[in-house]
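To start, the structure under review is shown below, and the notes come after it.
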Amino acid sequence: MRFTIVGAGAVGSLWALKLHEAGHSVQFWTRQSTDTLIRHQEGSPQKVFTANSLELVQESDCLLFCVKAFQVKEALSSIAAHVHKDTPVVFLHNGMGTAELALSTLPNNPLLLATTSHGSLKVSEETIKHTGLGETRLGGINSTGNQCDFLAEVFQHALPPCYWERSIERALWKKLAINCMINPLTALLQAQNGVITDPQYRTQLDALSDEISLVMCAEGMATSAKEVFDSAIAVATATAENYSSMNRDVYYRRPSEIEAITGFLIHRASIHGIATPENTRLYHAIKELEQSYDHT
Ligand code: KPL
């Protein structure tokens with residue numbers, strides 16, 4: 001298949017390399033003004049990818065957006081006019097809230113959302129490291145997107161495991177819950193994921209999981225505070241030595257994904273009239289940190 005990967009960060013680069021190794025033809029679409037990009041995994045040969053070819057966008061069999069949620073709008077407006085209406089478009093990022101934008105910008109395309117727990121790190125401009133084996137879940141958000149289950153097989157072949165989800169929203173909420181539990185705390189504490197398993201954070205995590213489970217139930221995603229708590233602890237234990245993406249964003253003073261993660265949860269909570277004091281506190285703490293970047 002012919003892929004255009006939108007975004008050449010750690011996640012986009014990992015997928016580009018894996019899809020290329022699986023025999024697909026891959027180009028990047030990036031903000032950099034370049035026509036080629038070199039990428040390789042630590043210890044493996046370099047590969048030169050074409051970048052920003054409009055012709056290749058038009059000929060693509062699939063577009064895979066690997067930019068952060070807050071970059072989707074700009075990326076979509078740079079490419080949407082060139083995408084054939086039958087081309088499936090997949091959005092892969094942490095957090096939620098981009099589905100409406102995708103549906104209104106590309107109303108005729110098969111549209112899909114995906115979530116992944118693979119760890120990937122850019123160790124230099126051209127080199128990435130696959131830091132943790134995870135899994136990917138994929139599902140449609142419109143009727144034609146729902147018919148693209150073959151893409152789960154394509155992704156499974158390139159970077160397994162990949163599961164097809166009839167209700168991708170549920171998988172996205174589960175991941176959102178984990179991100180709400182791990183990301184802001186590890187960013188504020190500037191510690192690895194394992195830190196949240198320390199008993200001193202138990203009360204705070206209980207408060208977070210209570211609030212998150214109430215919002216999920218109101219959204220029709222039946223769960224319990226215990227389930228939310230246990231899944232976050234399981235991920236934090238399995239990735240104890242890793243730094244969360246929000247931890248890295250704060251460390252490098254980049255804009256974080258707080259809006260699409262905790263911000264999305266708080267927004268949905270307010271629609272249902274659910275109070276989320278602990279999540280709101282973390283949300284403001286991260287926002288304050290981001291604002292302080294401009295002044296220090
Ligand atoms: O998705 C993640 C992230 O860092 O954004 C978790 C699950 C917390 C793993 O680090």
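Every value quoted in this text rests on a predicted model; they were computed, and no experiment measured them. All ligand and atom numbering here is 1-based and tracks the order in the structure.
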Can K175 be said to touch ligand 1, with heavy atoms closer than 4.0 Å?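 Per 4.0 Å heavy-atom rule, K175 contacts ligand 1.
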
Under 4.0 angstrom from ligand 1, any heavy atom of N193?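 True for this residue.
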
Centroid separation F155 to W15 less than 6.0 Å: yes

Strictly under 6.0 Å, is that where the ring centroids of W173 and F264 end up?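 Yes: the rings meet the under 6.0 Å criterion.
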
Has ligand 1 got any nitrogen or oxygen that is less than 3.5 angstrom from a nitrogen or oxygen of Y243?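 No, since none of the N or O atoms of Y243 sits under 3.5 Å from an N or O of ligand 1.
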
Distance-only side-chain donor-acceptor flag, [X] / [Y], under 3.5 Å:
X    : Y    : value
R39  : S13  : yes
Q41  : T127 : no
N193 : T239 : yes

Does N94 approach ligand 1 within less than 4.0 angstrom via side chain, backbone, both or neither, non-hydrogen atoms only?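 Side chain only.
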
Under-4.0 Å heavy-atom contact with ligand 1, by part of N179 that carries it: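 Only the side chain of N179 comes within reach of ligand 1.
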
Residue, atom and distance of the protein heavy atom nearest atom 5 (O) of ligand 1 read S245 OG, 2.5 Å

Write out the residue and atom name of the closest protein heavy atom to atom 8 (C) of ligand 1, then the distance separating them to 0.1 Å.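 Ranked first by proximity to atom 8 (C) of ligand 1 is N183 OD1, 3.1 Å.
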
Atom indices of ligand 1 within 4.0 angstrom of S244 heavy atoms, with elements: 4 (O), 10 (O)

Atoms of ligand 1 less than 4.0 Å from V235 heavy atoms?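 The list of qualifying atoms is 7 (C).
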
Given the rule in the side chain to side chain donor-acceptor pair (under 3.5 Å) test, do D35 and S53 qualify, once you have shown the distances and angles that lead to the verdict? CA-CA 7 Å; D35 52 8; S53 154; over 6 Å; no

Any sub-3.5 Å donor-acceptor pair from R170's side-chain atoms to A222's backbone N or O? yes

